[in-house]
*Asks:* 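Dumping the structure here so I can ask a few things about it.
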Amino acid sequence: MKPITALALTFVSLLLATPAMAQFQRPDDAVKYRKAALSVMGTHFSRVGAMATGRAPFDAKAVADNMAVVETLSKLPWDAFGPGTDKGDTRALPAVWTEQAKFKAASEKMQGEVVKLNAAAKTGNLDAIKTAFGATAASCKACHDDFRKD
Ligand code: ASC
């Protein structure tokens, strides 16, 4: 193998092995990104919540459309909690970094509940949506209680 080829291959494998964190130029960018993802997710989840709790008229298509957005967004924030992103304009508690396994489990619990709520949303069954909404909201709250300043 030519040295230049070997060098190029090394470079490419280093790029592929680079942690997700490197997708953010600065820690502040990661903080902004995860807050934006969580905020937009909250907006769409609240629209589902309004219908699940009877504060807004039930519209099965709107629930399904909003839940599709929530499911996509629920996957995004976590790579943006990398090392060095505990400072700045954030309400994330130090426990995010000192109890990483617990934080990961909490994020996975929420994502799992979102998948179930999204499945219920696709059936259009309001009772199933109500049940799954309650479980999902509880998983949001559990993580906020342990890992976010109020
Ligand atoms: C929402 C939202 C949250 C959760 C949480 C559930 O609508 O934005 O963060 O529900 O309040 O307890």
Side-chain angles (χ1 to χ4, degrees), residues 11-150:
F11 182 67
V12 168
S13 29
L14 271 176
L15 268 185
L16 292 175
T18 302
M21 198 33 226
Q23 292 171 12
F24 300 101
Q25 295 265 327
R26 289 179 301 268
D28 271 3
D29 294 338
V31 172
K32 257 190 255 171
Y33 173 91
R34 73 196 185 207
K35 286 169 75 175
L38 287 161
S39 170
V40 176
M41 179 166 67
T43 298
H44 290 271
F45 185 62
S46 297
R47 291 177 187 166
V48 175
M51 291 183 270
T53 58
R55 284 176 288 120
F58 177 57
D59 175 342
K61 184 176 186 304
V63 171
D65 288 350
N66 280 298
M67 277 315 300
V69 175
V70 170
E71 186 170 331
T72 298
L73 287 169
S74 73
K75 302 173 180 131
L76 302 182
W78 318 113
D79 283 346
F81 285 92
T85 67
D86 55 336
K87 315 248 164 22
D89 187 16
T90 179
R91 283 189 288 163
L93 290 170
V96 169
W97 294 273
T98 59
E99 295 177 60
Q100 288 184 17
K102 195 177 163 197
F103 181 63
K104 187 165 189 282
S107 85
E108 285 170 356
K109 170 78 177 156
M110 182 278 279
Q111 291 172 79
E113 298 298 350
V114 163
V115 167
K116 287 190 234 168
L117 176 51
N118 200 10
K122 285 177 185 161
T123 71
N125 180 305
L126 181 56
D127 284 335
I129 290 167
K130 282 182 181 174
T131 303
F133 174 80
T136 308
S139 74
C140 301
K141 185 177 184 301
C143 196
H144 292 164
D145 286 350
D146 289 344
F147 296 104
R148 190 185 74 173
K149 280 173 224 155
D150 12 70

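Keep in mind it's a predicted model, so treat the numbers as computed, not measured.
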*Asks:* Charged N to carboxylate O under 4.0 angstrom, D28 versus K32?
*Replies:*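 No, no charged N to carboxylate O under 4.0 Å.
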*Asks:* Just by modelled atom types, is the E71 backbone N or O under 3.5 Å from a matching donor or acceptor in the S74 side chain?
*Replies:* yes
*Asks:* What I'd like to find out is whether the side chain of F24 reaches to under 4.5 Å of the side chain of T85, using heavy atoms alone.
*Replies:*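 The answer is no, as the side chains (C-beta and beyond) never meet within the 4.5 Å cut-off.
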*Asks:* For F45 and C140, which heavy atoms make the closest approach, and how far apart are they?
*Replies:* CE2-SG, 4.1 Å
*Asks:* Partners of F103 by ring-ring contact (aromatic ring centres under 6.0 Å, His included), sequence neighbours excluded?
*Replies:* W78, F81, F147
*Asks:* Is D89 atom CG crowded by more than 12 heavy atoms from other residues, nucleotides or ligands, each under 6.0 Å away?
*Replies:*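 At most 12 heavy atoms, drawn from other residues, nucleotides or ligands, come within 6.0 Å of this atom.
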*Asks:* To the nearest 0.5 angstrom, please state how far the CD1 atom of I129 sits from the OG1 atom of T53.
*Replies:* 12.5 Å
*Asks:* Look only at the side chain of T136 and the backbone of A132, and say whether a donor-acceptor pair between them is shorter than 3.5 Å.
*Replies:* yes
*Asks:* Would you confirm whether E99, through its side chain, and V96, through its main-chain N or O, come within 3.5 Å as a donor-acceptor pair?
*Replies:*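 Side chain of E99 to backbone of V96: no pair is present.
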*Asks:* Look at the side chain of N118 and the backbone N and O of V114, then say whether any donor-acceptor pair between them is shorter than 3.5 Å.
*Replies:* no
*Asks:* Any sub-3.5 Å donor-acceptor pair from S107's side-chain atoms to K104's backbone N or O?
*Replies:* yes
*Asks:* Under the criterion side-chain contact (heavy atoms from CB on, under 4.5 Å), I'd like the reasoning laid out for V40 against H44: C-alpha separation, chi angles, the key distance, then a yes or no.
*Replies:* CA-CA 6 Å; V40 176; H44 290 271; 3.7 Å; yes
